[in-house]
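First the structure, in the form of structure tokens, and then the observations on it.
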Amino acid sequence: MEEKKVLAYPIVAVNDADTKHFFDNRYGTGQSTIDGILRSTNILIAGSRFVVLGYGWCGRGVASRARGMGAEVLVVEVDPLRALEAAMDGFRVVPVAEAAREGDVFVTLTGNLKVIRAEHFEAMKDGAIVANAGHFNVELDLEGLAARAASKRTVRASVEEYVLPGGKRIYVLGEGRLVNLAAAEGHPAGVMDMSFADQALSSAWIAREGRRLEKKVYRVPHEIDREVAALKLATMGIRIDRLTDEQARYLASWEMGT
Ligand SMILES: NC(=O)c1ccc[n+]([C@@H]2O[C@H](COP(=O)([O-])OP(=O)(O)OC[C@H]3O[C@@H](n4cnc5c(N)ncnc54)[C@H](O)[C@@H]3O)[C@@H](O)[C@H]2O)c1
């Protein structure tokens, strides 16, 4: 919208604050997505093949939590850097068509549409569980699945069973909406506090500075990120060190130690 000059006022991209996506997206989504899957299905994660589609901030969180609970985690990506990171984090990186055949549980966290399509649903094992924790309800092609399904019924709260011709059953959680909101309670307050602090302090900043800002997208000022992180540490009773004057001078200099 900035490029097309259709922004009506200055915007602060709160999602890009470090104290938002490092924690809310990674640990909030990581935990609450698993929570939604467990509340709706009560499956055993240990020993399952758990496919994470999208290895961004949210995907990293879900992948690490699923691994922590004993799943074998497969990652699907389109970005070579993110795919490489997932591989070096120790996850098996595979194309979606391959993951579709192997997975027991699938979670999309890409912000993109139709990441799991009809041909992937058709390739899945009988009993596969599919959820979305990314962007609205567009990441799963549920229309494509419904068009191929012989029948559909609700088998538990937030769980819909699609039966494909031939008898294969696919379980979709929360109608493809964000599973952590549809089937659980969203993120814990212990991580939303930072996201809301970012919003509140950014609102105050834009109220103070707004007249000097243009109709563009602005980063959350670094000082706000540092303040929110420092306040969060204080509430957790965690104290950290400060640079000595000598260390600060050393880090700022180029004459010494080069
Ligand atoms: N469930 C929640 O409560 C919650 C919380 C925060 C963010 N979100 C949403 O989750 C989504 C992801 O957020 P993020 O911070 O991880 O974003 P991100 O941009 O860091 O990560 C998204 C990743 O998905 C990958 N991707 C895109 N298309 C793909 C495809 N077709 N197949 C495989 N991978 C693909 C991208 O390469 C990227 O690495 C966003 O839509 C965001 O709004 C949800």
Side-chain angles (χ1 to χ4, degrees), residues 11 13-40 50-66 73-89 91-100 102-103 105-121 123 130-142 144 158 172-199 217 219-220 225:
I11 297 286
V14 172
N15 188 61
D16 295 344
D18 290 342
T19 44
K20 204 285 189 179
H21 62 260
F22 278 4
F23 306 105
D24 168 325
N25 297 31
R26 183 163 42 175
Y27 301 115
T29 312
Q31 177 170 307
S32 61
T33 297
I34 301 284
D35 188 15
I37 293 169
L38 291 182
R39 288 194 204 200
S40 51
F50 197 106
V51 181
V52 172
L53 298 103
Y55 199 68
W57 292 103
C58 295
R60 290 175 180 113
V62 173
S64 73
R65 269 53 200 152
V73 178
L74 281 65
V75 168
V76 173
E77 251 299 342
V78 291
D79 180 312
L81 278 172
R82 294 273 170 94
L84 185 60
E85 184 184 353
M88 292 211 184
D89 283 345
F91 298 111
R92 191 146 65 87
V93 179
V94 290
V96 59
E98 195 174 322
E102 293 199 36
V105 184
F106 297 81
V107 186
T108 50
L109 305 114
T110 69
N112 208 343
L113 85 173
K114 295 188 181 174
V115 178
I116 297 183
R117 296 180 289 281
E119 67 266 29
H120 307 132
F121 286 115
V130 185
N132 167 43
H135 200 51
F136 303 113
N137 58 346
V138 298
E139 300 213 11
L140 311 175
D141 180 12
L142 293 183
S158 304
V172 175
L173 307 188
E175 298 174 357
R177 299 172 197 287
L178 304 190
V179 69
N180 58 334
L181 297 175
E185 293 172 64
H187 296 8
V191 77
M192 289 310 296
D193 53 2
M194 283 188 280
S195 302
F196 292 144
D198 284 326
Q199 290 181 16
V217 179
R219 281 194 64 88
V220 170
D225 249 337

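The structure presented is a predicted model; accordingly, all values stated were derived computationally and were not measured. Counting from 1, the numbers follow the sequence of the chain as shown. Atoms within each ligand, like the ligands themselves, are counted from 1 in listed order.
- Closest protein heavy atom to atom 1 (N) of ligand 1: Ala133 O, 2.9 Å.
- At a distance under 4.0 Å, a protein heavy atom can be found next to atom 15 (O) of ligand 1.
- Two residues are said to be in side-chain contact when any heavy atoms from C-beta on lie closer than 4.5 Å; Thr110 and Glu139 meet this criterion.
- Listed for the Glu77 side chain is a donor-acceptor partner under 3.5 Å among the backbone atoms of Asp79.
- Interface of Gly56 with ligand 1, defined as ligand atoms under 4.0 Å from a residue heavy atom, comprises 16 (O), 18 (P), 20 (O), 21 (O), 23 (C), 39 (O).
- When only non-hydrogen protein atoms are considered, atom 17 (O) of ligand 1 lies nearest to Trp57 N, 4.5 Å.
- In this structure, Asn132 contributes its side chain and Gly176 its backbone to a donor-acceptor pair below 3.5 Å.
- For ligand 1, the atoms lying closer than 4.0 Å to a non-hydrogen atom of Thr29 are 1 (N), 2 (C), 4 (C), 5 (C), 6 (C).
- Both the backbone and the side chain of Glu77 come within contact range of ligand 1, each with a heavy atom under 4.0 Å.
- Taking atom 41 (O) of ligand 1 as the reference point, the nearest protein heavy-atom neighbour is Gly111 CA, 3.1 Å.
- Scanning all protein heavy atoms for the shortest distance to atom 22 (C) of ligand 1 gives Thr110 O, 3.6 Å.
- A donor-acceptor distance shorter than 3.5 angstrom exists from the side chain of Ser40 to the backbone of Ile37, with no hydrogens or angles considered.
- Nearest residue to atom 10 (O) of ligand 1 from Gly134, Ala182, Ala184 is Gly134 (criterion: closest heavy atom).
- Side-chain atoms of His21 come within 3.5 Å of backbone atoms of Asn15 as a donor-acceptor pair (strictly under, hydrogens ignored).
- Remark: minimum distance from atom 12 (C) of ligand 1 to any protein heavy atom is reached at Leu109 O, 3.5 Å.
- Protein heavy atom at the shortest distance from atom 3 (O) of ligand 1 is Asn180 ND2, 2.8 Å.
- With a 4.5 Å cut-off on side-chain heavy atoms, His135 and Asn112 do not count as touching.
- In terms of N/O distances under 3.5 Å, ligand 1 is not approached by Leu178.
- Contact annotation: for His187 versus ligand 1, heavy atoms closer than 4.0 Å belong to the side chain alone.
- Remark: side-chain polar atoms of Asp141 are not paired, donor with acceptor, to backbone N or O of Lys114 under 3.5 angstrom.
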Mind running side chain to side chain contact (heavy atoms under 4.5 Å, CB included) on Phe50 and Val107 for me, showing each step along the way?
CA-CA 8 Å; Phe50 197 106; Val107 186; 3.8 Å; yes

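- Scanning both residues, Asp24 and Ser195, for their nearest heavy atoms gives OD2-OG, 2.7 Å.
- For ligand 1, the atoms lying closer than 4.0 Å to a non-hydrogen atom of His135 are 41 (O).
- A donor-acceptor pair is defined here as one N or O able to donate and one able to accept, closer than 3.5 Å; no such pair exists between the side chain of Asp16 and the backbone of Arg219.
- Remark: distances from the non-hydrogen atoms of Arg26 to ligand 1 are all 4.0 Å or more.
- Of all heavy-atom pairs between Leu181 and Gly186, the closest is CD2-CA, 3.5 Å.
- With respect to atom 28 (N) of ligand 1, the closest heavy atom belonging to the protein is Asn112 ND2, 3.1 Å.
- Protein heavy atom nearest atom 29 (C) of ligand 1, with residue, atom name and distance: Val78 CG2, 3.6 Å.
- Between Lys20 and ligand 1, no N or O atom pair is found at a separation short of 3.5 Å.
- The two residues Ala63 and Tyr55 come nearest to each other via the heavy atoms CB-CE1, 3.9 Å.
- Geometrically, ligand 1 and Val115 share no nitrogen or oxygen pair separated by less than 3.5 Å.
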